[in-house]
Trainee: 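Sharing a structure here in C-alpha cells format.
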Amino acid sequence: MTTVSNHSVTLLFLATLLFMFLMAGVVVLWYAARMNLNEGLCLIRTSLNVLNNQDGGVPSRCRREFKRVDIDGLRADISDGLASYSGLVTNISAHGLCLQDIPDRLSSSRSLLSVVVRGQVENYRIVARPRWVVIQENKGKTLGVEIASSPTSWNEFVFSH
C-alpha cells in the first residue's frame with residue numbers, strides 16, 4: 001500500500017513540476033508578445049542554453065539591434081517630468097543612446113523621459129524609454145535609453161557619424 005501511495009506522490013510531484021515549467025513558458029511567450037517577439041525568443045534561447053550548461057551569454061544578435069556610434073563632446077538635458085538634469089551622451093544610434101554622468105536624483109523608473117541632445121548645429125528633442133541603468137559611486141548614473149520619438153533630422157545626424 002505504501003508503494004502505491006509513494007508512486008502517487010511522485011507522479012503528483014512530477015505533474016506539478018511539468019505544470020510549473022509549462023506556465024513559465026507561457027509567461028515568456030506572453031512577454032514576447034507584449035514587448036518584442038525577437039527579445040522573447042532570445043530570452044528563451046538564452047534560458048535553454050543556461051539549462052543545458054552551454055554558454056550563458058546572450059547571443060550578439062539579441063543584445064543590440066542597431067549599431068551604436070561612439071561620440072565625444074555631446075551634451076544632453078534630461079527631464080523625468082519633475083526636474084531637468086544635464087548629462088553626457090557617449091554613444092548614439094537611430095533608436096537609442098547612452099547617457100552618462102546623470103545625477104542619481106533623476107528617476108529612471110519613469111516610462112518616458114524627455115531628452116534634448118545639444119548638437120553643434122541643432123538641438124534634437126527626443127522622447128525616450130529607459131532600458132537599463134548603472135549607478136556608479138561618485139559618478140552618478142549611466143542610462144541606456146530607447147528612442148520612442150525623434151525628429152527626422154536625428155537620423156541624419158546619426159548617419160553622418
Side-chain angles (χ1 to χ4, degrees), residues 22-161:
L22 290 174
M23 289 307 295
V26 168
V27 168
V28 168
L29 291 175
W30 171 80
Y31 175 81
R34 185 171 177 261
M35 299 303 280
N36 179 344
L37 183 59
N38 290 333
E39 287 178 22
L41 292 175
C42 289
L43 178 63
I44 291 170
R45 283 189 201 106
T46 303
S47 300
L48 291 176
N49 286 343
V50 170
L51 288 174
N52 292 329
N53 290 326
Q54 296 176 5
D55 176 26
V58 178
S60 61
R61 69 181 183 284
C62 300
R63 274 189 237 129
R64 184 148 332 276
E65 194 172 340
F66 300 95
K67 186 176 183 292
R68 293 281 175 112
V69 178
D70 290 334
I71 195 157
D72 292 323
L74 198 58
R75 306 270 326 151
D77 296 316
I78 305 105
S79 174
D80 59 5
L82 301 174
S84 183
Y85 305 97
S86 182
L88 182 65
V89 180
T90 58
N91 66 50
I92 59 175
S93 80
H95 297 276
L97 41 116
C98 180
L99 304 164
Q100 281 188 339
D101 301 331
I102 300 169
D104 291 337
R105 297 180 306 274
L106 176 75
S107 173
S108 54
S109 65
R110 296 276 181 175
S111 59
L112 293 174
L113 299 173
S114 173
V115 181
V116 178
V117 178
R118 292 184 262 148
Q120 293 177 346
V121 177
E122 181 179 352
N123 291 339
Y124 304 95
R125 295 183 184 278
I126 295 171
V127 177
R129 286 182 201 90
R131 286 299 183 200
W132 55 265
V133 63
V134 175
I135 299 174
Q136 299 169 326
E137 229 173 281
N138 300 326
K139 285 192 168 188
K141 290 182 183 181
T142 298
L143 186 66
V145 298
E146 175 187 23
I147 296 175
S149 174
S150 65
T152 54
S153 57
W154 173 253
N155 289 339
E156 295 165 7
F157 175 74
V158 170
F159 295 131
S160 71
H161 285 84

Trainee: Working to the nearest 0.5 angstrom, can you tell me the gap between Q120 CD and F157 CZ?
Mentor: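 Reported to 0.5 Å precision, the distance equals 7.5 Å.
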Trainee: Nearest 0.5 Å, what's the OG-CD1 distance between S93 and I71?
Mentor: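 If we round to the nearest 0.5 Å, S93:OG and I71:CD1 are 11.5 Å apart.
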Trainee: Looking only at heavy atoms, what is the nearest atom pair of A148 and L112, with distance?
Mentor: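 What the structure gives for the nearest pair is CB-CD2, 4.3 Å.
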Trainee: Please give me the minimum heavy-atom distance between L143 and P130, naming the atom from each residue.
Mentor: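 What the structure gives for the nearest pair is CD1-CB, 4.2 Å.
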Trainee: Determine which pairs satisfy salt bridge (charged side-chain N to carboxylate O under 4.0 Å, His left out) with at least one residue from residues 141-152, sequence neighbours left out, and list them in order.
Mentor: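 For residues 141-152, and leaving out neighbouring residues, the salt bridge (charged side-chain N to carboxylate O under 4.0 Å, His left out) pairs sorted by first residue read R129-E146, R131-E146.
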Trainee: Closest approach of A76 and V115, non-hydrogen atoms and distance?
Mentor: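 A76 and V115 have their closest heavy atoms at CB-CG1, 4.0 Å.
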Trainee: Kindly compute the distance separating CD1 (I147) from CD1 (I92), expressed to the nearest 0.5 Å.
Mentor: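 These two atoms lie 8.5 Å from each other.
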Trainee: What distance separates D70 CG from T90 OG1, expressed to the nearest 0.5 Å?
Mentor: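 Interatomic distance, D70 CG to T90 OG1, rounded to 0.5 Å: 7.0 Å.
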Trainee: Can you measure from CG (L82) to CG (L106) and round to the nearest 0.5 angstrom?
Mentor: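 With rounding to 0.5 Å, CG (L82) is 9.5 Å from CG (L106).
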Trainee: Would you say L99 and T142 make side-chain contact, with heavy atoms under 4.5 Å?
Mentor: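 Counting from C-beta outward, L99 and T142 never come under 4.5 Å.
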Trainee: Check W132 against C98 and note the closest heavy-atom contact, atom names and distance.
Mentor: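 Closest approach of W132 to C98, heavy atoms only: CH2-SG, 3.9 Å.
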Trainee: Which pairs pass side chain to side chain donor-acceptor pair (under 3.5 Å) with one or both residues in residues 71-85, sequence neighbours excluded?
Mentor: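 Passing the test, one end in residues 71-85: R75-S86, D77-R118.
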Trainee: Taking all heavy atoms of A94 and all of F159, pick out the closest pair and write down the distance.
Mentor: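 Closest heavy-atom pair between A94 and F159: CB-CZ, 4.3 Å.
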Trainee: If you define the side chain from C-beta out and look only at heavy atoms, does anything of L97 sit under 4.5 Å from Y124?
Mentor: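 No. Closest side-chain heavy atoms not under 4.5 Å.
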